[in-house]
Number of protein chains: 2
Amino acid sequence: MAADDSSPDECSPDECSPILVALVDDYDVVLAGVARMLDPFRDRILIAEIDANEPVKDEVDIVLYDSFGQPESDHDEIAVLVRNPRARRVVVYTWNFHRELVENARELGACGYLSKALPAEDLVAALEAVHAGEIVVSDPPPRAVSAPGLDWPGRTEGLSDREAEVLALITQGFSNADVARLAFLSPNTVKSYVRTVYRKIGVESRTKAVLWGLDHGFRPDHRRIEHWRGGP
Amino acid sequence: MAADDSSPDECSPDECSPILVALVDDYDVVLAGVARMLDPFRDRILIAEIDANEPVKDEVDIVLYDSFGQPESDHDEIAVLVRNPRARRVVVYTWNFHRELVENARELGACGYLSKALPAEDLVAALEAVHAGEIVVSDPPPRAVSAPGLDWPGRTEGLSDREAEVLALITQGFSNADVARLAFLSPNTVKSYVRTVYRKIGVESRTKAVLWGLDHGFRPDHRRIEHWRGGP
DNA sequence: GAGAACTACCCACCTAGGGGTGTAGTCGTC
DNA sequence: GACGACTACACCCCTAGGTGGGTAGTTCTC
(Lines give C-alpha, C1' and ligand atoms only; values in the text may rest on other atoms or scores of the structure.)
Protein backbone atom coordinates (compact mmCIF):
# COMPACT_ATOMS: atom_id res chain seq x y z
CA MET A 1 0.00 0.00 0.00
CA ALA A 2 1.46 3.32 -0.96
CA ALA A 3 2.42 5.24 2.13
CA ASP A 4 1.37 8.82 2.61
CA ASP A 5 4.70 10.56 2.45
CA SER A 6 3.67 14.11 3.15
CA SER A 7 1.12 14.99 5.78
CA PRO A 8 -0.39 18.41 5.87
CA ASP A 9 0.80 20.93 8.43
CA GLU A 10 -1.23 20.74 11.58
CA CYS A 11 -3.36 23.82 12.15
CA SER A 12 -6.65 24.91 13.50
CA PRO A 13 -9.69 24.45 11.24
CA ASP A 14 -10.04 28.20 10.99
CA GLU A 15 -6.67 28.55 9.41
CA CYS A 16 -6.64 25.70 6.96
CA SER A 17 -7.72 26.05 3.39
CA PRO A 18 -10.47 23.68 2.50
CA ILE A 19 -9.40 20.35 1.03
CA LEU A 20 -9.35 20.45 -2.76
CA VAL A 21 -11.22 17.44 -4.16
CA ALA A 22 -11.51 16.39 -7.80
CA LEU A 23 -14.44 14.21 -8.79
CA VAL A 24 -14.02 11.45 -11.37
CA ASP A 25 -16.77 9.41 -12.99
CA ASP A 26 -18.09 9.00 -16.52
CA TYR A 27 -21.53 10.48 -15.86
CA ASP A 28 -22.04 14.25 -15.52
CA VAL A 29 -25.18 13.95 -13.45
CA VAL A 30 -23.47 11.69 -10.92
CA LEU A 31 -20.65 14.18 -10.40
CA ALA A 32 -23.01 17.12 -10.27
CA GLY A 33 -24.93 15.32 -7.57
CA VAL A 34 -21.85 14.71 -5.46
CA ALA A 35 -20.74 18.33 -5.91
CA ARG A 36 -24.16 19.59 -4.88
CA MET A 37 -24.28 17.37 -1.81
CA LEU A 38 -20.86 18.62 -0.69
CA ASP A 39 -21.46 22.28 -1.49
CA PRO A 40 -22.82 23.18 1.96
CA PHE A 41 -19.42 22.12 3.32
CA ARG A 42 -17.44 24.33 1.00
CA ASP A 43 -15.55 25.79 3.93
CA ARG A 44 -14.03 22.36 4.45
CA ILE A 45 -14.19 20.68 1.03
CA LEU A 46 -13.73 22.53 -2.25
CA ILE A 47 -14.66 20.72 -5.47
CA ALA A 48 -12.24 21.21 -8.34
CA GLU A 49 -13.54 21.95 -11.79
CA ILE A 50 -15.84 19.18 -13.00
CA ASP A 51 -16.24 20.26 -16.64
CA ALA A 52 -15.27 17.24 -18.76
CA ASN A 53 -13.78 19.46 -21.45
CA GLU A 54 -11.21 20.78 -19.01
CA PRO A 55 -8.45 18.74 -17.44
CA VAL A 56 -7.99 19.44 -13.75
CA LYS A 57 -4.87 21.53 -14.04
CA ASP A 58 -3.55 21.78 -10.57
CA GLU A 59 -2.60 19.26 -8.01
CA VAL A 60 -5.52 18.24 -5.86
CA ASP A 61 -5.53 16.91 -2.35
CA ILE A 62 -7.97 14.09 -3.05
CA VAL A 63 -9.43 12.46 -6.13
CA LEU A 64 -12.86 11.02 -5.31
CA TYR A 65 -13.49 8.24 -7.79
CA ASP A 66 -17.18 7.35 -8.14
CA SER A 67 -17.60 3.82 -9.44
CA PHE A 68 -21.14 4.23 -10.78
CA GLY A 69 -21.55 2.34 -14.05
CA GLN A 70 -17.91 1.31 -14.24
CA PRO A 71 -16.97 -2.02 -15.66
CA GLU A 72 -13.96 -4.01 -14.58
CA SER A 73 -11.70 -1.35 -15.97
CA ASP A 74 -12.20 0.64 -12.81
CA HIS A 75 -9.33 -1.39 -11.39
CA ASP A 76 -7.29 0.11 -14.16
CA GLU A 77 -8.75 3.53 -13.54
CA ILE A 78 -7.87 3.48 -9.86
CA ALA A 79 -4.30 2.67 -10.88
CA VAL A 80 -4.28 5.54 -13.37
CA LEU A 81 -5.41 7.97 -10.70
CA VAL A 82 -2.96 6.71 -8.09
CA ARG A 83 -0.06 6.99 -10.55
CA ASN A 84 -0.87 10.58 -11.48
CA PRO A 85 1.24 12.94 -9.35
CA ARG A 86 -1.46 15.60 -9.50
CA ALA A 87 -3.61 13.33 -7.35
CA ARG A 88 -2.10 13.33 -3.87
CA ARG A 89 -4.61 10.77 -2.62
CA VAL A 90 -7.25 8.63 -4.27
CA VAL A 91 -10.52 7.63 -2.63
CA VAL A 92 -13.05 5.19 -4.08
CA TYR A 93 -16.73 6.12 -3.62
CA THR A 94 -19.01 3.14 -4.15
CA TRP A 95 -21.72 0.75 -2.97
CA ASN A 96 -19.68 -2.31 -3.75
CA PHE A 97 -17.89 -3.46 -0.66
CA HIS A 98 -17.04 -6.91 -1.82
CA ARG A 99 -13.86 -7.92 0.01
CA GLU A 100 -11.79 -8.44 -3.12
CA LEU A 101 -12.72 -5.02 -4.48
CA VAL A 102 -11.67 -3.28 -1.28
CA GLU A 103 -8.43 -5.23 -1.10
CA ASN A 104 -7.63 -4.64 -4.71
CA ALA A 105 -8.22 -0.90 -4.37
CA ARG A 106 -5.91 -0.71 -1.39
CA GLU A 107 -3.24 -2.73 -3.15
CA LEU A 108 -3.42 -0.28 -6.03
CA GLY A 109 -2.82 2.54 -3.61
CA ALA A 110 -6.22 3.97 -2.80
CA CYS A 111 -6.24 5.76 0.55
CA GLY A 112 -9.96 5.55 1.10
CA TYR A 113 -12.85 3.29 0.26
CA LEU A 114 -16.05 5.11 1.17
CA SER A 115 -19.69 4.17 0.97
CA LYS A 116 -22.14 6.19 -1.08
CA ALA A 117 -24.60 5.61 1.73
CA LEU A 118 -22.62 7.93 4.01
CA PRO A 119 -24.50 11.13 4.86
CA ALA A 120 -22.70 14.24 3.59
CA GLU A 121 -21.38 15.20 7.02
CA ASP A 122 -19.81 11.76 7.48
CA LEU A 123 -18.35 11.81 3.98
CA VAL A 124 -16.72 15.17 4.68
CA ALA A 125 -15.28 13.88 7.95
CA ALA A 126 -13.96 10.79 6.21
CA LEU A 127 -12.29 12.88 3.49
CA GLU A 128 -10.70 15.02 6.19
CA ALA A 129 -9.33 11.93 7.87
CA VAL A 130 -7.88 10.71 4.57
CA HIS A 131 -6.38 14.15 4.06
CA ALA A 132 -4.79 13.91 7.47
CA GLY A 133 -3.03 10.75 6.41
CA GLU A 134 -5.35 7.99 7.56
CA ILE A 135 -6.46 5.05 5.46
CA VAL A 136 -10.26 5.07 5.75
CA VAL A 137 -12.55 2.22 4.77
CA SER A 138 -16.11 2.90 5.84
CA ASP A 139 -18.41 0.20 7.14
CA PRO A 140 -19.95 -1.76 4.28
CA PRO A 141 -23.58 -0.77 3.85
CA PRO A 142 -25.99 -3.70 4.24
CA ARG A 143 -27.29 -3.05 0.76
CA ALA A 144 -26.71 -0.72 -2.15
CA VAL A 145 -28.24 2.61 -1.32
CA SER A 146 -27.28 6.22 -1.98
CA ALA A 147 -27.17 9.06 0.47
CA PRO A 148 -29.95 11.63 0.13
CA GLY A 149 -28.90 14.30 -2.31
CA LEU A 150 -26.93 12.12 -4.69
CA ASP A 151 -27.96 11.83 -8.29
CA TRP A 152 -27.67 9.43 -11.21
CA PRO A 153 -28.91 9.22 -14.77
CA GLY A 154 -32.57 8.24 -15.04
CA ARG A 155 -33.37 9.32 -11.49
CA THR A 156 -35.88 11.91 -12.67
CA GLU A 157 -37.43 9.23 -14.87
CA GLY A 158 -38.02 7.03 -11.84
CA LEU A 159 -35.04 4.68 -11.88
CA SER A 160 -33.49 3.75 -8.59
CA ASP A 161 -29.73 4.00 -8.32
CA ARG A 162 -29.24 0.27 -8.61
CA GLU A 163 -31.57 0.05 -11.62
CA ALA A 164 -29.63 2.89 -13.19
CA GLU A 165 -26.35 1.12 -12.63
CA VAL A 166 -27.65 -2.02 -14.32
CA LEU A 167 -28.86 0.06 -17.27
CA ALA A 168 -25.52 1.88 -17.39
CA LEU A 169 -23.71 -1.42 -17.79
CA ILE A 170 -26.16 -2.75 -20.35
CA THR A 171 -25.76 0.47 -22.31
CA GLN A 172 -22.07 -0.29 -22.57
CA GLY A 173 -22.80 -3.59 -24.23
CA PHE A 174 -22.50 -5.99 -21.33
CA SER A 175 -24.51 -9.21 -21.12
CA ASN A 176 -26.59 -10.06 -18.08
CA ALA A 177 -23.84 -12.40 -16.97
CA ASP A 178 -21.28 -9.62 -17.32
CA VAL A 179 -23.44 -7.22 -15.32
CA ALA A 180 -23.89 -9.82 -12.59
CA ARG A 181 -20.16 -10.31 -12.35
CA LEU A 182 -19.34 -6.59 -12.43
CA ALA A 183 -21.96 -5.49 -9.92
CA PHE A 184 -21.57 -8.52 -7.63
CA LEU A 185 -25.16 -9.55 -8.10
CA SER A 186 -26.83 -12.84 -8.97
CA PRO A 187 -27.81 -13.34 -12.63
CA ASN A 188 -31.39 -13.74 -11.42
CA THR A 189 -31.19 -10.40 -9.68
CA VAL A 190 -29.88 -8.74 -12.81
CA LYS A 191 -32.74 -10.18 -14.83
CA SER A 192 -35.19 -8.84 -12.27
CA TYR A 193 -33.63 -5.40 -12.45
CA VAL A 194 -33.63 -5.54 -16.26
CA ARG A 195 -37.32 -6.33 -16.27
CA THR A 196 -38.11 -3.48 -13.89
CA VAL A 197 -36.03 -1.02 -15.88
CA TYR A 198 -37.77 -1.99 -19.14
CA ARG A 199 -41.16 -1.44 -17.54
CA LYS A 200 -40.19 1.95 -16.09
CA ILE A 201 -38.72 3.32 -19.31
CA GLY A 202 -41.38 1.72 -21.49
CA VAL A 203 -39.32 -0.53 -23.77
CA GLU A 204 -39.51 -4.18 -24.68
CA SER A 205 -36.03 -5.01 -25.85
CA ARG A 206 -32.47 -4.58 -24.80
CA THR A 207 -31.55 -2.57 -27.86
CA LYS A 208 -34.34 -0.11 -27.22
CA ALA A 209 -33.28 0.15 -23.61
CA VAL A 210 -29.78 0.99 -24.78
CA LEU A 211 -31.06 3.63 -27.21
CA TRP A 212 -33.22 5.12 -24.45
CA GLY A 213 -30.24 5.20 -22.15
CA LEU A 214 -28.02 6.93 -24.69
CA ASP A 215 -30.64 9.67 -25.01
CA HIS A 216 -31.08 10.02 -21.25
CA GLY A 217 -27.60 10.58 -19.92
CA PHE A 218 -26.29 7.02 -19.91
CA ARG A 219 -23.60 7.62 -22.48
CA PRO A 220 -20.37 7.36 -20.52
CA ASP A 221 -18.00 10.28 -21.01
CA HIS A 222 -14.46 9.01 -20.79
CA ARG A 223 -12.83 12.41 -21.16
CA ARG A 224 -12.28 13.00 -17.47
CA ILE A 225 -10.44 9.78 -16.84
CA GLU A 226 -8.56 10.33 -20.11
CA HIS A 227 -7.34 13.67 -18.77
CA TRP A 228 -6.03 11.86 -15.70
CA ARG A 229 -4.48 9.22 -17.91
CA GLY A 230 -2.58 11.97 -19.62
CA GLY A 231 -4.67 12.17 -22.79
CA PRO A 232 -6.15 15.22 -24.57
CA MET B 1 -52.55 9.75 -57.90
CA ALA B 2 -51.85 13.42 -57.69
CA ALA B 3 -51.74 14.92 -61.14
CA ASP B 4 -48.92 17.11 -62.22
CA ASP B 5 -50.70 20.42 -62.62
CA SER B 6 -47.93 22.57 -63.95
CA SER B 7 -45.52 21.35 -66.58
CA PRO B 8 -42.37 23.26 -67.27
CA ASP B 9 -42.04 25.49 -70.30
CA GLU B 10 -40.67 23.63 -73.27
CA CYS B 11 -37.25 24.83 -74.28
CA SER B 12 -33.99 23.62 -75.63
CA PRO B 13 -31.55 22.05 -73.19
CA ASP B 14 -29.20 24.96 -73.66
CA GLU B 15 -31.78 27.42 -72.40
CA CYS B 16 -33.17 25.58 -69.41
CA SER B 17 -31.89 25.97 -65.94
CA PRO B 18 -30.81 22.71 -64.46
CA ILE B 19 -33.45 20.88 -62.42
CA LEU B 20 -33.22 21.71 -58.73
CA VAL B 21 -33.24 18.52 -56.67
CA ALA B 22 -33.36 18.22 -52.89
CA LEU B 23 -32.07 15.02 -51.32
CA VAL B 24 -33.77 13.51 -48.26
CA ASP B 25 -32.51 10.65 -46.13
CA ASP B 26 -31.43 10.27 -42.51
CA TYR B 27 -27.80 9.44 -43.27
CA ASP B 28 -25.30 12.13 -44.29
CA VAL B 29 -22.99 9.76 -46.07
CA VAL B 30 -25.82 8.39 -48.23
CA LEU B 31 -26.82 11.88 -49.38
CA ALA B 32 -23.23 12.92 -49.94
CA GLY B 33 -22.81 9.86 -52.12
CA VAL B 34 -25.83 10.68 -54.25
CA ALA B 35 -24.72 14.30 -54.57
CA ARG B 36 -21.24 13.24 -55.63
CA MET B 37 -22.56 10.79 -58.18
CA LEU B 38 -24.78 13.47 -59.73
CA ASP B 39 -22.22 16.27 -59.63
CA PRO B 40 -20.80 15.57 -63.10
CA PHE B 41 -24.30 16.32 -64.43
CA ARG B 42 -24.61 19.66 -62.70
CA ASP B 43 -25.54 21.34 -65.95
CA ARG B 44 -28.74 19.27 -65.90
CA ILE B 45 -29.30 18.50 -62.20
CA LEU B 46 -28.48 20.89 -59.38
CA ILE B 47 -28.48 19.53 -55.85
CA ALA B 48 -30.07 21.81 -53.25
CA GLU B 49 -28.38 22.38 -49.91
CA ILE B 50 -27.91 19.09 -48.07
CA ASP B 51 -26.76 20.46 -44.72
CA ALA B 52 -29.10 18.96 -42.09
CA ASN B 53 -28.96 22.13 -40.00
CA GLU B 54 -30.51 24.16 -42.79
CA PRO B 55 -34.02 23.71 -44.07
CA VAL B 56 -34.26 23.82 -47.85
CA LYS B 57 -35.69 27.29 -48.14
CA ASP B 58 -36.84 27.53 -51.70
CA GLU B 59 -39.16 25.50 -53.76
CA VAL B 60 -37.42 22.64 -55.48
CA ASP B 61 -38.36 20.88 -58.68
CA ILE B 62 -37.87 17.39 -57.29
CA VAL B 63 -37.36 15.85 -53.87
CA LEU B 64 -35.37 12.64 -54.19
CA TYR B 65 -36.21 10.51 -51.18
CA ASP B 66 -33.62 7.82 -50.45
CA SER B 67 -35.14 4.97 -48.46
CA PHE B 68 -31.88 3.63 -47.03
CA GLY B 69 -32.38 2.49 -43.44
CA GLN B 70 -35.96 3.71 -43.27
CA PRO B 71 -38.50 1.77 -41.29
CA GLU B 72 -42.16 1.64 -42.11
CA SER B 73 -42.49 5.31 -41.44
CA ASP B 74 -41.17 6.03 -44.89
CA HIS B 75 -44.76 5.72 -46.06
CA ASP B 76 -45.48 8.58 -43.73
CA GLU B 77 -42.40 10.43 -44.91
CA ILE B 78 -43.40 10.18 -48.56
CA ALA B 79 -46.76 11.68 -47.61
CA VAL B 80 -45.02 14.48 -45.71
CA LEU B 81 -42.91 15.33 -48.74
CA VAL B 82 -45.81 15.16 -51.21
CA ARG B 83 -47.90 17.48 -49.02
CA ASN B 84 -45.19 20.08 -48.76
CA PRO B 85 -45.77 22.76 -51.43
CA ARG B 86 -42.04 23.45 -51.65
CA ALA B 87 -41.64 19.99 -53.19
CA ARG B 88 -43.12 20.16 -56.68
CA ARG B 89 -42.51 16.45 -57.25
CA VAL B 90 -41.40 13.59 -55.04
CA VAL B 91 -39.35 10.65 -56.29
CA VAL B 92 -38.49 7.56 -54.26
CA TYR B 93 -34.96 6.18 -54.66
CA THR B 94 -34.67 2.60 -53.42
CA TRP B 95 -33.81 -1.05 -53.95
CA ASN B 96 -37.16 -2.26 -52.72
CA PHE B 97 -39.48 -2.80 -55.62
CA HIS B 98 -42.01 -4.92 -53.86
CA ARG B 99 -45.30 -4.34 -55.63
CA GLU B 100 -47.13 -3.01 -52.59
CA LEU B 101 -44.39 -0.48 -51.88
CA VAL B 102 -44.50 0.89 -55.42
CA GLU B 103 -48.28 1.08 -55.40
CA ASN B 104 -48.39 2.71 -52.02
CA ALA B 105 -45.87 5.34 -53.05
CA ARG B 106 -47.87 6.19 -56.14
CA GLU B 107 -51.07 6.37 -54.17
CA LEU B 108 -49.42 8.81 -51.82
CA GLY B 109 -48.50 10.99 -54.79
CA ALA B 110 -44.94 10.09 -55.64
CA CYS B 111 -44.12 10.89 -59.30
CA GLY B 112 -41.18 8.55 -59.57
CA TYR B 113 -39.97 5.28 -58.15
CA LEU B 114 -36.38 4.81 -59.19
CA SER B 115 -33.85 2.09 -58.60
CA LYS B 116 -30.57 2.76 -56.84
CA ALA B 117 -29.01 0.38 -59.34
CA LEU B 118 -29.51 2.93 -62.15
CA PRO B 119 -26.25 4.31 -63.48
CA ALA B 120 -25.92 8.06 -62.96
CA GLU B 121 -26.74 8.91 -66.58
CA ASP B 122 -29.96 6.90 -66.44
CA LEU B 123 -30.94 8.42 -63.13
CA VAL B 124 -30.48 11.92 -64.55
CA ALA B 125 -32.58 11.05 -67.60
CA ALA B 126 -35.29 9.59 -65.36
CA LEU B 127 -35.35 12.73 -63.21
CA GLU B 128 -35.64 14.84 -66.36
CA ALA B 129 -38.60 12.76 -67.47
CA VAL B 130 -40.27 13.22 -64.10
CA HIS B 131 -39.60 16.92 -64.33
CA ALA B 132 -41.26 16.94 -67.73
CA GLY B 133 -44.41 15.56 -66.19
CA GLU B 134 -44.06 11.82 -66.63
CA ILE B 135 -44.63 9.23 -63.97
CA VAL B 136 -41.49 7.11 -64.00
CA VAL B 137 -41.09 3.71 -62.37
CA SER B 138 -37.81 2.10 -63.33
CA ASP B 139 -37.47 -1.63 -63.96
CA PRO B 140 -37.10 -3.50 -60.67
CA PRO B 141 -33.52 -4.62 -60.23
CA PRO B 142 -33.18 -8.41 -59.93
CA ARG B 143 -31.57 -7.91 -56.57
CA ALA B 144 -30.54 -5.18 -54.18
CA VAL B 145 -27.48 -3.46 -55.55
CA SER B 146 -26.25 0.11 -55.65
CA ALA B 147 -24.90 1.97 -58.63
CA PRO B 148 -21.16 2.57 -58.64
CA GLY B 149 -20.38 5.80 -56.84
CA LEU B 150 -23.09 5.60 -54.22
CA ASP B 151 -22.17 5.50 -50.56
CA TRP B 152 -23.54 4.30 -47.26
CA PRO B 153 -22.42 4.12 -43.66
CA GLY B 154 -19.91 1.35 -43.01
CA ARG B 155 -18.85 1.10 -46.65
CA THR B 156 -15.27 2.01 -45.84
CA GLU B 157 -15.34 -0.58 -43.07
CA GLY B 158 -16.25 -3.27 -45.61
CA LEU B 159 -20.02 -3.51 -45.27
CA SER B 160 -22.03 -4.04 -48.43
CA ASP B 161 -25.03 -1.82 -48.94
CA ARG B 162 -27.49 -4.52 -47.94
CA GLU B 163 -25.47 -5.40 -44.83
CA ALA B 164 -25.43 -1.72 -43.95
CA GLU B 165 -29.16 -1.44 -44.34
CA VAL B 166 -29.72 -4.39 -42.00
CA LEU B 167 -27.38 -2.80 -39.44
CA ALA B 168 -29.15 0.55 -39.88
CA LEU B 169 -32.45 -1.06 -38.95
CA ILE B 170 -30.99 -3.00 -36.04
CA THR B 171 -29.41 0.21 -34.77
CA GLN B 172 -32.89 1.71 -34.59
CA GLY B 173 -33.98 -1.07 -32.28
CA PHE B 174 -35.76 -3.41 -34.67
CA SER B 175 -35.86 -7.15 -34.11
CA ASN B 176 -34.80 -9.59 -36.80
CA ALA B 177 -38.46 -10.18 -37.60
CA ASP B 178 -39.02 -6.44 -37.95
CA VAL B 179 -36.03 -6.07 -40.25
CA ALA B 180 -37.25 -8.96 -42.39
CA ARG B 181 -40.63 -7.34 -42.75
CA LEU B 182 -39.26 -3.85 -43.46
CA ALA B 183 -36.62 -4.91 -45.97
CA PHE B 184 -38.76 -7.61 -47.64
CA LEU B 185 -36.31 -10.33 -46.74
CA SER B 186 -36.69 -13.74 -45.14
CA PRO B 187 -35.95 -13.98 -41.41
CA ASN B 188 -33.25 -16.52 -42.28
CA THR B 189 -31.69 -14.05 -44.65
CA VAL B 190 -31.66 -11.37 -42.01
CA LYS B 191 -29.94 -13.72 -39.59
CA SER B 192 -27.34 -14.51 -42.22
CA TYR B 193 -26.73 -10.82 -42.84
CA VAL B 194 -26.53 -10.19 -39.08
CA ARG B 195 -23.89 -12.88 -38.75
CA THR B 196 -21.83 -11.43 -41.56
CA VAL B 197 -22.09 -7.91 -40.18
CA TYR B 198 -21.00 -9.05 -36.70
CA ARG B 199 -17.98 -10.79 -38.20
CA LYS B 200 -16.99 -7.77 -40.32
CA ILE B 201 -17.25 -5.25 -37.51
CA GLY B 202 -15.83 -7.61 -34.89
CA VAL B 203 -18.65 -7.83 -32.37
CA GLU B 204 -20.48 -10.71 -30.78
CA SER B 205 -23.74 -9.22 -29.65
CA ARG B 206 -26.51 -7.10 -30.95
CA THR B 207 -25.97 -4.38 -28.39
CA LYS B 208 -22.33 -4.05 -29.34
CA ALA B 209 -23.28 -3.96 -33.00
CA VAL B 210 -25.66 -1.11 -32.22
CA LEU B 211 -22.98 0.80 -30.28
CA TRP B 212 -20.53 0.27 -33.14
CA GLY B 213 -23.11 1.54 -35.58
CA LEU B 214 -23.82 4.66 -33.55
CA ASP B 215 -20.11 5.48 -33.62
CA HIS B 216 -19.80 4.81 -37.35
CA GLY B 217 -22.43 6.93 -38.99
CA PHE B 218 -25.50 4.78 -38.35
CA ARG B 219 -27.26 7.24 -36.10
CA PRO B 220 -30.20 8.45 -38.14
CA ASP B 221 -30.51 12.22 -38.38
CA HIS B 222 -34.18 13.10 -38.58
CA ARG B 223 -33.65 16.84 -38.94
CA ARG B 224 -33.98 16.89 -42.72
CA ILE B 225 -37.34 15.20 -42.82
CA GLU B 226 -38.40 17.32 -39.84
CA HIS B 227 -37.63 20.44 -41.86
CA TRP B 228 -39.93 19.10 -44.59
CA ARG B 229 -42.52 18.26 -42.00
CA GLY B 230 -42.51 21.88 -40.97
CA GLY B 231 -40.46 21.52 -37.80
CA PRO B 232 -37.38 23.47 -36.56
C1' DG C 1 -12.97 -18.80 -67.26
C1' DA C 2 -11.73 -19.05 -62.32
C1' DG C 3 -12.45 -17.13 -58.11
C1' DA C 4 -14.33 -14.13 -54.75
C1' DA C 5 -17.97 -11.58 -52.98
C1' DC C 6 -22.57 -10.54 -52.98
C1' DT C 7 -27.67 -11.46 -52.61
C1' DA C 8 -30.96 -14.60 -50.92
C1' DC C 9 -32.29 -18.40 -48.35
C1' DC C 10 -32.56 -22.92 -45.66
C1' DC C 11 -32.08 -26.04 -41.51
C1' DA C 12 -30.54 -27.62 -36.97
C1' DC C 13 -29.17 -26.53 -32.52
C1' DC C 14 -28.11 -23.95 -28.38
C1' DT C 15 -28.12 -20.16 -25.24
C1' DA C 16 -29.06 -15.50 -23.79
C1' DG C 17 -32.71 -12.79 -22.95
C1' DG C 18 -37.27 -11.87 -21.44
C1' DG C 19 -41.73 -12.65 -18.97
C1' DG C 20 -44.41 -14.50 -15.08
C1' DT C 21 -44.68 -15.41 -10.27
C1' DG C 22 -42.94 -15.70 -6.01
C1' DT C 23 -40.12 -14.95 -1.25
C1' DA C 24 -37.85 -12.08 2.24
C1' DG C 25 -35.74 -8.32 4.65
C1' DT C 26 -35.05 -3.22 4.99
C1' DC C 27 -36.29 1.49 4.96
C1' DG C 28 -38.91 5.69 4.43
C1' DT C 29 -43.41 7.85 4.52
C1' DC C 30 -47.91 8.74 6.25
C1' DG D 1 -47.88 0.21 12.48
C1' DA D 2 -49.43 -0.17 7.63
C1' DC D 3 -47.92 0.36 3.20
C1' DG D 4 -45.11 0.91 -0.74
C1' DA D 5 -40.76 0.75 -2.81
C1' DC D 6 -36.37 -0.96 -2.77
C1' DT D 7 -32.63 -4.59 -2.66
C1' DA D 8 -31.75 -9.29 -3.50
C1' DC D 9 -32.85 -13.63 -5.24
C1' DA D 10 -35.23 -18.04 -6.87
C1' DC D 11 -37.58 -20.97 -10.34
C1' DC D 12 -40.11 -22.09 -14.58
C1' DC D 13 -41.05 -21.44 -19.32
C1' DC D 14 -40.66 -19.60 -23.95
C1' DT D 15 -38.65 -17.25 -27.76
C1' DA D 16 -35.38 -14.22 -29.99
C1' DG D 17 -30.90 -14.19 -31.09
C1' DG D 18 -26.76 -16.35 -32.40
C1' DT D 19 -23.77 -20.05 -34.42
C1' DG D 20 -22.56 -23.57 -37.69
C1' DG D 21 -23.01 -25.36 -42.08
C1' DG D 22 -25.01 -25.50 -46.34
C1' DT D 23 -27.22 -24.26 -51.44
C1' DA D 24 -27.69 -21.38 -55.58
C1' DG D 25 -27.54 -17.69 -58.85
C1' DT D 26 -25.33 -13.28 -60.20
C1' DT D 27 -21.70 -10.04 -60.87
C1' DC D 28 -17.21 -8.16 -60.95
C1' DT D 29 -12.23 -8.67 -61.16
C1' DC D 30 -8.05 -10.67 -62.71
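Sequence lines set the chain letters: A, B, ... in the order given, protein chains first and strands last, and positions in each chain run from 1. The analysis underlying the following values was restricted to heavy atoms, covering all of them including side chains, and did not include hydrogens, waters or symmetry mates.
Distance, Leu185(B) CG to dC6(C) P: 16 Å, rounded to whole Å. Taking atom CG on Asn188(B) and atom P on dG17(D), their separation rounds to 13 Å, with Å as the unit. Between the CG atom of Asn96(B) and the P atom of dT7(C) there is a distance of 13 Å, rounded to whole Å. The separation between His98(B) atom NE2 and dA8(C) atom P is 12 Å, rounded to whole Å. Rounded to whole angstrom, the span from the CD atom of Glu204(B) across to the P atom of dT19(D) amounts to 7 Å. Atom-to-atom, NZ of Lys191(B) to C1' of dT7(C) comes out at 18 Å; the value is rounded to the nearest Å. The distance between atom CD1 of Ile170(A) and atom C1' of dG18(C), rounded to the nearest whole Å, is 11 Å. Residue Trp152(A) contributes atom CH2, which lies 9 Å from atom P of dT7(D) at whole-angstrom precision.
Of the possible polar contacts, none joining the Lys200(A) side chain to the Leu159(A) backbone as a donor-acceptor pair under 3.5 Å is found. Although no hydrogens or angles enter the test, the distance criterion places a donor-acceptor pair under 3.5 Å between the side chain of Asp178(A) and the main chain of Ser175(A). Ser67(B) contributes no side-chain N or O that, together with a main-chain N or O of Gln70(B), makes up a donor-acceptor pair within less than 3.5 Å. Within the 3.5 Å criterion, the main-chain N or O of His98(A) finds no donor-acceptor partner in the side chain of Asn96(A). Of the possible donor and acceptor atoms, none in the side chain of Ser115(B) sits under 3.5 Å from a partner among the backbone N and O of Ser138(B). Between the Trp95(A) side chain and the Val145(A) main chain, a donor and an acceptor come within less than 3.5 Å of each other. When atom types are taken as modelled, the side chain of Arg224(A) and the backbone of Asp25(A) share a donor-acceptor pair closer than 3.5 angstrom.
With hydrogens and angles left out, the side chain of Arg162(B) and the base of dC6(C) share no donor-acceptor pair within 3.5 Å.
Of the side-chain N and O atoms in Thr189(B), none sit less than 4.0 angstrom from OP1 or OP2 of dA8(C). Between Lys200(B) and the phosphate of dC6(C), there is a side-chain N or O to OP1/OP2 separation shorter than 4.0 Å.
Within the nucleic acid shown, Ser192(A) comes within 4.0 Å of at least one base atom, counting heavy atoms only. Across all strands, Val145(B) comes closer than 4.0 Å to no nucleic acid atom at all (heavy-atom distances). As judged by a 4.0 angstrom heavy-atom cut-off over every strand, Ser186(B) is placed among residues touching the sugar-phosphate backbone only. Residue contacts for Asn176(B): at a heavy-atom cut-off of 4.0 Å it reaches the sugar-phosphate backbone alone, with no base atom in range. Nucleic acid contact for Arg206(B): sugar-phosphate only, since backbone atoms but no base atoms lie under 4.0 Å from a heavy atom of the residue. At a threshold of 4.0 angstrom between heavy atoms, the contacts of Thr196(B) with the nucleic acid are absent. Within the nucleic acid shown, Arg195(B) comes within 4.0 Å of at least one base atom, counting heavy atoms only. Nucleic acid contact class of Ser160(B) (heavy atoms, under 4.0 Å, all strands): sugar-phosphate only. Among the heavy atoms of the strands lying under 4.0 Å from Asp161(A) are primed sugar atoms or P, OP1, OP2 only; no base atom is included.
Closest approach of Leu108(A) to Ala79(A), counting heavy atoms only: CD2-CB, 4.1 Å.
Along DNA chain D, the nucleotide nearest Tyr193(A) and the nucleotide nearest Tyr198(B) are compared for position; the residue whose nucleotide lies closer to the 5' end is Tyr193(A).
Comparing the axis of the opening five pairs of the helix from dG1(C)-dC30(D) to dC30(C)-dG1(D) with that of the closing five pairs yields an angle of 50°, rounded to 10°.
When distances are taken from the side chain of Glu163(A) to each of dT7(D), dT7(C), dA12(C), the shortest belongs to dT7(D). For Val194(B), counting side-chain heavy atoms from C-beta on, the closest listed nucleotide (dA8(D), dG25(D), dG18(D)) is dG18(D).
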